[in-house]
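Read through the structure below, which is laid out as structure tokens, and then see the notes.
Atoms considered below: every heavy atom in the structure, side chains included; atoms not considered: hydrogens, waters and symmetry mates.
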Amino acid sequence: MNIFRTLFSMAIALGAVCMTQAASITVDQIIPDNNTVGLVSSLNLTVPPSAIDTLTVTLNLSSALGDSAWNGDLYAYLRHSSGPLTGFSVLLNRSGLTGSSSVGYGDAGLSVTFSDSAANDIHNYQDYGPFFNAAGQLTGTWQPDARSISPLSPGGDFDSATRPANLGSFTGLDPNGQWVLFIADVSPGNEATLDSWSIDYTTAGVVVPESGIPIALIAGLWAGLLLLGYRQRMVAITLHSGAASG
């Protein structure tokens, strides 16, 4: 077999891969009503070291037993640190709260996925003909709210707030370690339950395989490919030049 093809196949098999992984947790806890202390849930990942390329988050919230959730009361964010770097995204920030509505949307819970590549911002979801399941929960895939202002801000502030706190802040981070979801109900009346949440992420480029083969070996294979290709080109040029002069 051609040595170039052999090295190429080995490099692909060992490390030049895209991986998709997921982690989830069932919580089933009531979010304290009208309490900024909120509820904290965490996931701890131990996976081969890599760098996050894209990330989505799925969140399931329902009405507390004997009550009805109120989506406009809820504030939620996701945080994860990797070395000195921290990713932070505001998933929910009082959906529907605007200068013309001081209470936000009164829909009872949600079962949604957050993605930066979604078409619409969840803060104004009622503007986009949303779908609800049989339990009355909002469904679909939405951009995170991403407004990094206080959930106690007046409604008018949400109209003009920028949206820097998106999921792109996790790009490049190692997924290993603790992921923290914080959620709070910051307005009185109506209680919700955090049922479950999960993350799905892709990693791209050279990673450390589960076989434990070091990155140095993988990188060496790719360097070999480049050097071999260079030498083959130089031989071709030399032969061509010799034929021309003859």
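Counting only distance, with no hydrogens or angles, the side chain of D200 and the backbone of T56 share no donor-acceptor pair below 3.5 Å. At least one donor-acceptor pair closer than 3.5 Å links the side chain of S115 to the backbone N or O of S117. At distances below 3.5 Å, at least one donor-acceptor pair connects side-chain atoms of N133 with backbone N or O atoms of G136. A donor-acceptor contact shorter than 3.5 Å is absent between the side chain of W197 and the backbone of L194. Proximity of a side-chain donor or acceptor of S82 to a complementary backbone N or O of D174 within less than 3.5 Å is detected. Between the N166 side chain and the A146 main chain, no donor and acceptor come within less than 3.5 Å of each other. A distance-only check finds a donor-acceptor pair linking the side chain of T98 to the backbone of S100 [under 3.5 Å]. With H80 contributing its side chain and Q178 its backbone, the two residues share a donor-acceptor pair below 3.5 Å. Checking side-chain atoms of S196 against main-chain N and O of I25 turns up no donor-acceptor pair under 3.5 Å. A donor-acceptor pair under 3.5 Å is absent between the side-chain atoms of Q143 and the main chain of D116, judged by distance alone.
Taken from CG in N190 to CD1 in I31, the straight-line distance is 12.0 Å, to the nearest 0.5 Å. The distance from atom CE of M19 to atom OG1 of T202, rounded to the nearest 0.5 Å, is 11.0 Å. Annotation: the span from F132 atom CZ to Q137 atom CD amounts to 10.5 Å, rounded to 0.5 Å. Annotation: the span from N60 atom CG to T26 atom OG1 amounts to 9.0 Å, rounded to 0.5 Å. Once rounded to the nearest 0.5 Å, the distance linking OG of S24 with CG of L43 reads 7.5 Å. L55 contributes atom CG, which lies 12.5 Å from atom CD of Q21 (distance to the nearest 0.5 angstrom).
Side-chain atoms of S81 and T86 include a donor-acceptor pair closer than 3.5 Å. Checking N71 against S95 by side-chain atom types alone, no donor-acceptor pair falls below 3.5 Å. Using modelled atom types, one finds a donor on one side chain and an acceptor on the other under 3.5 Å when comparing T58 with T113.
Two residues are said to be in side-chain contact when any heavy atoms from C-beta on lie closer than 4.5 Å; L181 and L91 meet this criterion. Annotation: side chain of S101 is in contact with side chain of V103 (closest heavy-atom distance under 4.5 Å). Put simply, the side chain of Y201 does not reach to within 4.5 Å of the side chain of F170, judged on heavy atoms. Taking 4.5 Å as the limit, some side-chain heavy atom of L167 sits within range of a side-chain heavy atom of P144. Side-chain contact between L45 and W179: present, with at least one pair of heavy atoms (C-beta onward) separated by less than 4.5 Å.
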Could you check S169 against T171 for side-chain contact (heavy atoms from CB on, under 4.5 Å), going step by step and ending with a plain yes or no? CA-CA 6 Å; S169 66; T171 299; over 6 Å; no
side-chain contact (heavy atoms from CB on, under 4.5 Å) between N176 and V47: does it pass, once the steps are laid out? CA-CA 6 Å; N176 281 286; V47 296; 3.6 Å; yes
Run the side-chain contact (heavy atoms from CB on, under 4.5 Å) test on D121 and R147 for me, step by step, so that the C-alpha distance in whole Å, both residues' side-chain angles and the decisive distance to 0.1 Å come before the verdict. CA-CA 10 Å; D121 170 14; R147 293 164 178 79; 2.8 Å; yes
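The two residues S68 and A108 come nearest to each other via the heavy atoms OG-CB, 3.6 Å. Of all the heavy atoms in G109 and A69, the pair that sits closest is N-CB, 3.6 Å. The two residues D195 and L61 come nearest to each other via the heavy atoms OD2-C, 3.7 Å. Nearest approach of R163 to D145, heavy atoms of both residues: NE-O, 2.9 Å. The two residues L138 and P130 come nearest to each other via the heavy atoms CD1-CB, 3.5 Å. Annotation for L92 and F114: closest pair CD2-CZ, 3.9 Å, computed over non-hydrogen atoms.
Taking the six-membered ring where the residue is Trp, Y105 and Y125 present perpendicular rings, their angle passing 60° and hence far from 30°.
With sequence neighbours excluded, no residue satisfies salt bridge (Lys or Arg N to Asp or Glu O under 4.0 Å) with R94. By the side-chain hydrogen bond (donor to acceptor under 3.5 Å, both in side chains) test, S198 pairs with no residue at all, sequence neighbours left out. Taking S187 as the reference, nothing meets the side-chain hydrogen bond (donor to acceptor under 3.5 Å, both in side chains) condition, with sequence neighbours excluded.
Side-chain heavy-atom separations under 4.5 angstrom define the hydrophobic clusters, and the remaining members of the one that includes L152 are V186. Cluster partners of L97, using a side-chain heavy-atom cutoff of under 4.5 Å among ILVMFWY residues and allowing indirect links, are I149, F158. With a 4.5 Å cut-off between side-chain heavy atoms of Ile, Leu, Val, Met, Phe, Trp and Tyr, the cluster of F88 takes in V40, Y75, Y77, V90, V180, F182.
There is a path of hydrophobic side-chain contacts, each under 4.5 Å, that joins L110 to I199. Cluster membership for I30 and I183, using ILVMFWY side-chain heavy atoms within less than 4.5 angstrom, is not shared.
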